[in-house]
Colleague: 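If you scroll down you'll find the structure; I have some questions about it.
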2 protein chains.
Amino acid sequence: MKRDTRQRQAIRRVLEDAGRPLGPHEVLEAAREHHAGLGIATVYRTLKAMVEDGALAQVELPGEPPRYEINGKRHHHHFHCRACDRVYELEGCPEGLRGLTPAGFSLESHEVVLYGRCAACAS
Amino acid sequence: MKRDTRQRQAIRRVLEDAGRPLGPHEVLEAAREHHAGLGIATVYRTLKAMVEDGALAQVELPGEPPRYEINGKRHHHHFHCRACDRVYELEGCPEGLRGLTPAGFSLESHEVVLYGRCAACAS
DNA sequence: GTCGTTGCAAAGCGTTTGCAGCCTA
DNA sequence: TAGGCTGCAAACGCTTTGCAACGAC
């Protein structure tokens with residue numbers, strides 16, 4: 001990430017504006033409005049590089065390809081809308097995770113994903 | 001699933017003996033000890049058919065290809081050992097999930113995955 | 001001008017599918 | 001014997017990589 005190219009500006013801006021995690025193809029589609037001709041390979045390469053630089057966080061949900069969001073937020077989880085397939089960020093954490101851990105196991109971290117319908121799709 | 005073939009017996013037995021979710025290649029390797037010459041395509045087809053029949057449950061963990069476990073157990077979650085990459089079943093559920101859900105969203109289900117080291121790897 | 005970056009196309013990789021032969025019922 | 005099932009190899013879809021041209025610094 002030594003040069004600030006048009007392509008990288010477009011990709012960064014799309015993720016900043018989204019406010020929710022996006023997949024590579026969502027990024028491509030949106031970023032092409034800022035820079036037509038952008039290639040999917042560049043999106044993959046840039047997302048990967050930005051994760052390594054710590055600028056992005058990779059959001060992995062069960063059975064889904066990775067999505068990407070701006071990094072630097074505090075610990076949070078996600079809500080996956082079954083209707084529109086969008087992923088939203090949640091604040092807070094459930095309790096009692098330690099109590100689920102079997103004896104002798106050491107708990108290091110956790111993931112929580114909620115499923116249902118977002119406000120827009122529930123109505 | 002109309003015929004009970006040697007291949008299916010081998011695959012079913014491997015999953016019954018494992019007691020934890022297995023991926024397609026783990027199943028292939030283990031089932032070949034019961035039926036050498038078993039093909040990976042048959043493993044995929046059989047796992048898919050057994051899920052549709054309700055005999056198996058598909059276990060999807062973030063960033064991981066699906067694994068499969070014997071169905072019929074009650075609601076549970078999983079613990080993923082970072083050292084040996086094995087997945088274990090957990091009993092119980094955390095509390096306060098409802099409280100994480102934003103206003104207007106309808107919560108239908110949830111996934112919880114714990115990460116750390118299993119008893120064998122922690123020592 | 002240098003060399004990091006890009007777009008294209010080819011290569012990878014895990015999963016799925018078409019098909020002729022096999023084997024269960 | 002019928003037709004569901006299997007193994008092989010080809011096809012797939014998504015991601016990664018090789019390479020020559022491009023463009024940020």
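First the proteins, then the strands, lettered A, B, ... as listed; each starts at 1. Please read all numbers here as calculations on a predicted model, not as lab measurements.
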Colleague: Pick the closest DNA chain C nucleotide for B:P66 and for A:G39 by heavy atoms, then say which residue is nearer the 5' end.
Modeller: A:G39
Colleague: Is it true that A:E26 and A:R20 have a side-chain N and a carboxylate O under 4.0 angstrom from each other?
Modeller: yes
Colleague: Is a donor from one side chain sitting under 3.5 angstrom from an acceptor on the other, for B:H77 and A:H110?
Modeller: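 No pair is found: no donor N or O on one side chain lies under 3.5 Å from an acceptor on the other.
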Colleague: Does a salt bridge link B:K48 with B:D53, judged by any charged N lying under 4.0 Å from a carboxylate O?
Modeller: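 Between B:D53 and B:K48 there is no salt bridge, as every charged N stays at least 4.0 Å from the carboxylate O atoms.
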Colleague: Between B:E60 (CD) and C:dG14 (P), how many Å, whole number?
Modeller: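 So the CD-P distance, B:E60 to C:dG14, works out to 17 Å.
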Colleague: If you check the A:A41 side chain, which of C:dC8, D:dC25, C:dT17 turns out closest?
Modeller: C:dC8
Colleague: Should B:Q7 be listed as having a side-chain N or O under 4.0 Å from OP1 or OP2 of D:dG7?
Modeller: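 Indeed, a polar side-chain atom of B:Q7 lies that close.
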Colleague: Would you call B:K73 and B:E89 a salt bridge, taking side-chain N to carboxylate O under 4.0 Å as the test?
Modeller: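 Between B:E89 and B:K73 there is a salt bridge, with a charged N closer than 4.0 Å to a carboxylate O.
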Colleague: Rounding to an integer number of Å, can you tell me how far A:D53 CG sits from C:dG4 P?
Modeller: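 Rounded to the whole Å, the gap is 15 Å.
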Colleague: Regarding A:I40, tell me which of base, sugar-phosphate or nothing describes its non-hydrogen contacts under 4.0 Å with the strands shown.
Modeller: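 No contact.
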Colleague: Measure the distance from NE2 on A:H35 to P on D:dC22 and round it to the nearest whole Å.
Modeller: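 Value for this atom pair: 14 Å.
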Colleague: How long is the line joining CD of A:Q9 and P of C:dT6, in whole Å?
Modeller: 11 Å
Colleague: Check the distance between D:dC5's P and B:K48's NZ and give it to me in whole angstrom.
Modeller: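 Going from B:K48 (NZ) to D:dC5 (P), I get 14 Å.
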Colleague: Rounded off to whole Å, could you give me the CG-to-P distance for the B:D4 and D:dC5 pair?
Modeller: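 Going from B:D4 (CG) to D:dC5 (P), I get 11 Å.
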Colleague: Counting distance alone, no hydrogens or angles: does the base of D:dG7 have a donor or acceptor under 3.5 Å from a partner atom on the side chain of B:R32?
Modeller: no
Colleague: Are any of A:T5's side-chain N or O atoms less than 4.0 Å away from OP1 or OP2 of D:dA24?
Modeller: no
Colleague: Nearest of D:dG18, C:dG4, D:dT6 to any side-chain atom of A:R45?
Modeller: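 It is D:dG18.
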Colleague: For C:dC23, does either OP1 or OP2 sit under 4.0 Å from a side-chain N or O belonging to B:R6?
Modeller: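 No, outside the criterion.
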Colleague: Taking CG from B:L28 and C1' from C:dC13, how many angstroms apart are they, rounded to a whole number?
Modeller: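 That distance rounds to 16 Å.
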Colleague: Using a cut-off of strictly less than 4.0 Å, decide whether A:R3 has a side-chain nitrogen or oxygen near OP1 or OP2 of C:dT2.
Modeller: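 The answer is no; no side-chain N or O of A:R3 sits under 4.0 Å from OP1 or OP2.
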Colleague: Any donor-acceptor pair under 3.5 Å between the side chain of B:R8 and the base of D:dG4?
Modeller: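 Per atom types, no contact qualifies.
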Colleague: Any side-chain donor-acceptor pair under 3.5 Å between A:H34 and A:Q7?
Modeller: no
